[in-house]
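Naming: A, B, ... by sequence-line order, numbering from 1 per chain. For the numbers below, each heavy atom of this structure counts, side chains included, while hydrogens, waters and symmetry mates do not.
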Amino acid sequence: MIEVQNISKTFLQKDNSLFFAVKDLSFTASHGEIVVLLGVNGAGKTVTMRMLSTVLKPYHGTAIIEGYDIQKESQKVRANLGFLSGDTGLYGRLTPKEVITYFGKLYDVPSNKIERRIEELAELLDMHSFLNKKIDLLSTGMKQKVSIARSVIHDPPVMIFDEPTSGLDILTAKNIVDFIHQCKEDGKCVLFSTHIMREAERIGDKIVMIHQGERIAEGSWEEFKQDTLLHDLDDIFIYYVNRLKENKDEH
Amino acid sequence: MNIKKVGAIFNKEILDILRDRRTIFSAFILPLILYPILFIGLSALISRQEVMLEQKTSTIYIHDDIEDEYSRIIYDTLTEQDNISVMPQLEIFDEASMRKAIEDQSLEAIVYINRENMQSPYPIYLLKVTYNQVDELSQITYRRVSDIMNELEKDLISQRLLDIQVSEDILHAIDIEQDNIAPPERMVGAGVGRILPYILILMAISGGAYIASDLVVGEKERGTLETILVSAAMREELLLGKYMTVMTISFASIIVNLVSLFLSFQYVMTSMANGSALTEVISLPLISLLNILILLIPMLMLITAVLMIVSTYSRNVKEANSYLTYIIFLGIILSMVSMIPGFSLNRGFALIPILNFSLLMRDILIGNFLWDHYIITMVANLILALLSFRLCLSLFKNENIMFRTVESSSLSFWGKHKRNIFSTNFAIMFYILLFLALFHIGGRWQMQDFVSGIVKTQFILILLPAILVLKISKTDIKKALRLRLPKLSNFVLAIFLALPMMILSALLFQVIDLIFPVPSSLLEEMNKLVFVSESFWINILIIALLPGICEEILFRGYFINAFTKHGFWKAIFISALLFGLFHMSPFRLIPTAFLGFWMGYMLLRTGSILIPMFAHILNNGLALTIAHYGEDIPIVSRLLSGDTLSFWLAIPAIIVMTVVIYLFERTNKTVKLEEGISCAES
């Protein structure tokens, strides 16, 4: 369960003024639910997810993950979290098995359990053939599977995917999408970010649209369509962005 | 912190590194190949070359101007030698073309035979040997000729003594016999001790540098760092695991280097001595080696921590490598000190990392070191290592540093935008430029003529640049300089502050002299400053008035404004540090920075540059007065014992200073920091 409560993040600009990368953002994600953070590049998706994974500290507000506060109990939060992003790397000189084992140890998984879990994941993701090859020698698709396995070695109740499909071909991206659905079936709470409308539509149970760090809409596509009387996904998004602008101009 | 997890991180990093062929090669394989090649191969090559040269015949030409009995003997002796071939006599001796022949290496030497001291009953012959020092065979030829002639001289003298029936003993009155108590291994230690610290330190820095930058900033670049940061491991565990990895690999690499170096060295020495007595000579006492290894650990901890700081702080590997170059340079400079003859360790130097190790290691190898130096060195390096590790940890926990990969400082400074002369970047560059100008140009001027040099330096290198930079940037000069009349009572307070300020600064200098004895050349130079001229008033003009105005305009008029954005005390502190550094002497840094600090304080507190100017002039003037007339003023002469001040003077000085500062605070309650010019304004 993720409960984001009025979270904000600022960065200091060159002229010493504060820039809000995320502003007063709130939403929730429950178990067995896929929530999509949808926004253009620079909307604040990555910053939000980094705050949830406790590597960035919020300026205001907080979030509760599995009952733990991201600021006060950051280590427990991280222990309950699987994090996967599109641009994360792997240790090229190690084998998938070594990498996954390493992360198992970082997540305090007992040694005998690590082995069982690797067996499980290798089955699920079809990794048996390359489990003991050097990662440098693997294809992009294989590497992606290793990344997935690495992020769920500790079987976390909450999964965060930060644009995991960006830059991947259709077949590789499908591995991830399938895996996300698997997570949902397993009753995990999934947060997923993307800037691709179609992807958001296909995957998300609930969509949180953000623009310039602020939430501009929240709900399912059906609700958005009823609300805006529009059909095209892009048009719907632009509608909400314009509404934010109008609101700002009025103030 | 979970030690098991640190262990897991350590194991993984070691595994990862051991699979990196490049690291393995440069850390372990290369030293194993390099030293044998360097020592054995090179020395074999050198001795082969030497043998070949020795076998070569020298061609010489003998020009005999005397042609008497003895010159004939000289001529014949040289001709008889196997390795010398004497050119046949020429009809016409053309000196220029013969010299040319030596240069062209077709002739090795010309020997001129002349007679000296014609009046003496015993003829003395002068042999001039023309040869070419840069041509090896020619040089050997010179040696051959002089060796043969020395032998010949002995024979001739014996003959002369025999003729007058005097014993050869007349030539001997004192013989000297050497009895060196230094055991052979210590003599080797003395030789090795000069070069080995340098090699060790260089190995420690360069060995760890690559791995350290791979382990943090390398992971940042490859996108794997975030995956471990979001894991359940604590930052402490991650950093410690990585730190231990770097430590272990560099330590192992040093050991491999040392063993390889030692074995190659031993092989060469043994083969040179043909397997005889020298084998013992080069084995160093085991206890010395053990001491060095123990000493190495805290230093390696410090070096590793510094390398990790660089790696953590850098945005990318390229940036890290450029910082590492500076660190290697610094290490080289500090470690080269062990090669300076006569430079020895004391308690003060034992506080300076790397320098302490390099000097102490030399002492250990000679077999003559002091335990207090050993302990101070260990503790100093250990404390610095822990502090550095803590700094590294706080950087490792800082999200602004861990999540930046691109240059944040834009290039707008060089662009078309309006240039902000009060930006930190500009101020630092401007400072470096002035510093270099002072060093190169100011130094030369003062060497040519001291008095005019100082005047020129003050006007052209200090005052002019400050005015120019303010003028060109169209800054409101009056405002930037804080050129305004403060409350008049401030002048009175400045008078009261001047004496304690000067006393405390002088005492600071004395304290530094106790820890790091100030070289006498610097004292002489400072003395020269006080007595630039016979006339006291000209001294006041050049040493007090001029710097008081020019230096204040540069440091308190310009530089401090670049740092007021960091707040009142930080601005004062940074500008004081720059002021201290500007005096170009590590010994004077702290006393001058101390003065600069209070000048900066007076500027920002009173909001007027006139006060620090006045105080600066007063301070320098007071110092001059004491130097010139101190002995004549009864109270002052009592406080001066020799050239030093009594330390108890610090107590009244601090009391007076505290009161005066309190009064400054009360008098200037209404003055705001923003009354000058600040970064945001321009």
Can you tell which part of [X] gets under 4.5 Å to a heavy atom of chain A, answering side chain, backbone, both or neither?
X: B/I9; answer: both
X: B/N2; answer: side chain
X: B/R222; answer: backbone

Residues B/D214, A/R93: salt bridge by 4.0 Å N-O rule: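 Looking at A/R93 together with B/D214, the answer is yes, because their closest N to O distance falls below 4.0 Å.
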Pairing of A/R50 and B/E226 as salt bridge, 4.0 angstrom limit: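 Result for this pair is yes, salt bridge flagged.
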Minimum heavy-atom distance A/G89-B/T227, with the two atoms named: O-CG2, 4.2 Å
Heavy-atom pair of closest approach, residues B/I228 and A/Y91: CG2-OH, 3.5 Å
Whether over 12 other heavy atoms sit under 6.0 Å from [X] [atom1]:
X: A/K105; atom1: NZ; value: no
X: A/K76; atom1: NZ; value: no
X: B/F251; atom1: CZ; value: yes
X: B/Y313; atom1: OH; value: no
X: B/F573; atom1: CZ; value: no

Between A/V77, A/L90, A/D108, A/L94, the one whose heavy-atom pairs under 4.5 Å with chain B are most numerous: A/L94
Top contributor to chain A contacts, counting heavy-atom pairs under 4.5 Å, from B/R235, B/R19, B/E219: B/R19
Winner by heavy-atom pair count (cut-off under 4.5 Å) against chain A, out of B/K4, B/K397, B/K12, B/K5: B/K12
Test item: B/E399 side-chain N/O and A/K57 main-chain N/O as donor-acceptor pair under 3.5 Å: yes
